[in-house]
Enquirer: 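Sharing a structure below in structure tokens format, with a few things to ask.
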Amino acid sequence: MILSGWGRYPRLDVTVTSPRAEGDLRAALATGPVIARGNGRAYGDSAINPRLTLDMRGMNRMLAFDPASGQLTAEAGVTLDAVINSFLPRGWFPMVTPGTRYVTLGGMIAADVHGKNHHRDGAFGTCLDWVEVMGQDGIPRRASLTKNDDLFRATLGGMGLTGIITRAAFRLRPVETAWIRQRTIPTPDLDATIEAFETHADATYSVAWIDCLTRGAGLGRSVVTLGEHATRADLPPSMRPAALALPPRRRLRVPMDAPAAALNRHTVRAFNHLYHRRATAQAGEAFVGWEEYFYPLDAILDWNRIYGRRGFVQYQCVLPPATARAGLRTLIDRIAEAGQASFLAVLKRMGPEGLGQIGFPMEGYTLALDFPASPDALALLPALDDIVLAHSGRFYLAKDARLPATTLHRADPRLQGFRATREAAGQARHFASHQSERLGL
Amino acid sequence: MTVTVPPTPVLILGARSDIALAAAHRFAQAGHPLHLVARHPERLETDRTDLQLRHDVPVTLHNLDLLDTAAHGPFLDSLPTLPGVTICAVGLMGEQAENEADPTRAAEILRSNFEAPALLLGAIANRYEAAGKGTIVGISSVAGERGRATNYIYGSAKAGFTAFLSGLRNRLAKKGVHVVTVLPGFVATRMTAGMDLPAKLTAQPAELGEAIFRAVDRRRNVIYVRPIWQLVMAIIRNIPEPVFKRLKL
């Protein structure tokens, strides 16, 4: 069948099997190299092996919950959506969540995902107590910081290339309400944006939407939003009785592929202008529901279709503190000059590097953009790669669909060591994705 | 919606099937306690934990071989209360070639899909009639709508089961007891894994779980899970026999 990542680029002809038990995994492993796939939210070709891709969503059972520690044990195919639906009404929320809840536990571990609290709490590894990984011998091994810690570190952020993640135990955080106390801060330029992040380093959540089409004095103007889990006492009395209730589900679906021209520099520029003006008018504090705060795009199912049939590519890099300001300025200037409209442009302050051997996050600023998979946009990306390299940045594999191997390895010398680990453990011959082959991982 | 009484327990027969588990999740999500019945119920231990963790409802496991019809009565007596909803997802397809050649196997298919579920549901129906309430859901098959060379042992047993459910519904309609007949077309389950099924005609188990839940809630009589099947089966039923017998279906 034809399969792609969330960006719908590239599309590949793939054999897919849906294992239901560990025996099915062993049978699949015996046939040759495989890659496990969760809910298909990696943007590029991370979770695709044309020879055999394992759709892990059938192995999705919750196995144990400890209300004393908030530790949930589950099979790798369980989605964060299911976890939230079951546990938020009981007063628990994920410790770390990416920008969509339609991801699986296995996928979150493989990408060592980060959220709006990375600057304070770190990436998913922070709340991961242990992970079970099935090696090429068909035996699942439990790995944690105290047992098989090499396997633990290699698997966390290891893009599924150390074996099949079968189950894991991770901690949820107690919350009193399903609401976020949000503070919105519009900023006129890049310096003010960075200033806002640095000033509010103690906020639990912080993220900025950034305008990547404005050059000159307004370059880097943003809307920074900070968030705190609201306590019951924070809420107005009328909201307290249903403080943990899930809001009724309203879902829109993008019914068809948008025409290729729907998102262009003019429509995006207009959107950016309106968005910034609205944020300026509404600056200040508000209570926002967890869905709207953490997962605004999940409300629109199949939103990836707004880029039309050709699909789109995500571009996410992180730049260290010393070079972030200059690097971001150069990146935005180059994007604006090319007139390439990035509908979603997100800037976030990151905290220190995590536990994963090749995990993406490091101290600094991460910028995430998306571009239509058009010839013009794809031609711009190598120029952005060079800017990232020149500013000692690195790239996020879960977003990547097109990086050249040489660029990636120049940006991240840790990958050579990862490859060597995989060779030595015999994993390289049994676990591979279209991405790992393309990038020599 | 106001809830005045706690949701009634749901009895699920043949609980290890993917369709049964999907229905279990949907009813548990609405707060119904579950009694799951299967041979080797210990193999459902992980699913039981999953259901309890996800939905915060009590789930009990029960061992019953439906072919042991003498055990039906004692089993029903052993339940703490009479569950308000019974879902029967018992079924065994087998391989047509084997079913044709081996009468023992054919008898097993006929008994598993018709005799055993009909007798157990009949016993439950009598108890529901006495109580003046209850809902029975029988999962039959479109294979029972017309016998085909590739599937008629299984299909004829399902035809019998469909007729049994229809008669039961007719008998109990004025007694406060409701009977739902579910005619799934293709469903992506372990039973059909590896078959080359057309995507537009193939439902996911969760779709069935939702459809069964809604059918119970709205007291529907006969449901096809994907509406297209109503059309497909209307065509298949109406092909004249002289033509039909020459078709490869």
Side-chain angles (χ1 to χ4, degrees), chain A residues 1-3 15-25 27-28 31 39 52 54-55 57-67 70-92 102 105 132 140 166-167 169-170 172 242 244-246 248-249, chain B residues 1-3 7 15-22 24-32 34 36 40-59 61 186-200 202-210 213-214:
Chain A
M1 64 185 289
I2 301 296
L3 204 61
T15 303
V16 180
T17 180
S18 302
R20 300 292 298 272
E22 286 185 355
D24 301 338
L25 296 177
T31 68
N39 211 26
L52 189 59
L54 309 177
D55 179 347
R57 289 176 296 184
M59 297 177 73
N60 65 345
R61 293 176 298 190
M62 298 184 190
L63 303 169
F65 182 68
D66 175 8
Q71 187 199 59
L72 177 66
T73 307
E75 293 178 335
V78 75
T79 62
L80 198 57
D81 182 48
V83 172
I84 294 169
N85 285 338
S86 291
F87 287 94
L88 182 55
R90 289 177 241 171
W92 299 94
Y102 298 121
L105 174 57
E132 215 163 82
T166 50
R167 49 178 68 185
F170 64 109
L172 305 175
L244 284 166
L246 303 170
R249 297 190 154 221
Chain B
M1 194 181 77
T2 53
V3 179
R16 286 229 315 279
S17 84
D18 289 334
I19 295 175
L21 282 173
H25 275 283
R26 186 59 188 86
F27 278 90
Q29 192 191 326
H32 294 267
L34 302 173
L36 305 182
H40 306 296
E42 69 281 359
R43 291 182 198 163
L44 277 167
E45 221 24 277
T46 308
D47 292 290
R48 173 201 197 181
T49 306
D50 181 40
L51 283 160
Q52 287 177 332
L53 283 175
R54 278 180 195 245
H55 309 297
D56 215 5
V57 295
V59 180
L61 303 183
F186 300 139
V187 187
T189 64
R190 267 169 292 195
M191 193 162 88
T192 58
M195 294 185 187
D196 189 20
L197 302 176
K200 295 249 185 246
T202 306
Q204 294 302 313
E207 281 178 68
L208 262 97
E210 182 65 32
F213 182 81
R214 285 170 54 174

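Throughout, protein chains are lettered first and strands after them, A, B, ... in sequence-line order, and every chain is numbered starting at 1. Computed from a prediction, not measured in an experiment: that's the story for all the values here.
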Enquirer: Where is the tightest heavy-atom contact between B/Leu53 and A/Phe65, given as atom of each residue plus distance?
Expert: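 The pair with the smallest heavy-atom distance is CD2-CB, 3.6 Å.
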Enquirer: Only counting residues at least two apart or in another chain, list the ones meeting side-chain contact (heavy atoms from CB on, under 4.5 Å) with B/Ala15.
Expert: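 With neighbours one apart ignored, the set is B/Ile12, B/Leu36, B/Leu44.
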Enquirer: Would you list the atom pairs in which one atom of chain B and one of chain A form a donor-acceptor pair under 3.5 Å?
Expert:
residue	atom	partner	partner atom	Å
B/Asp18	OD1	A/Arg20	NH1	3.4
B/Asp18	OD1	A/Arg20	NH2	2.8
B/Asp18	OD2	A/Arg20	NH1	3.1
B/Asp47	OD1	A/Arg61	NH1	3.3
B/Asp47	OD2	A/Arg61	NH1	3.0
B/Asp50	OD1	A/Met62	N	2.7
B/Leu53	O	A/Arg90	NH1	3.1
B/Leu53	O	A/Arg90	NH2	2.4
B/Arg54	O	A/Ser86	OG	2.8
B/Arg54	O	A/Arg90	NH2	3.2
B/Arg54	NH2	A/Asn60	O	2.5

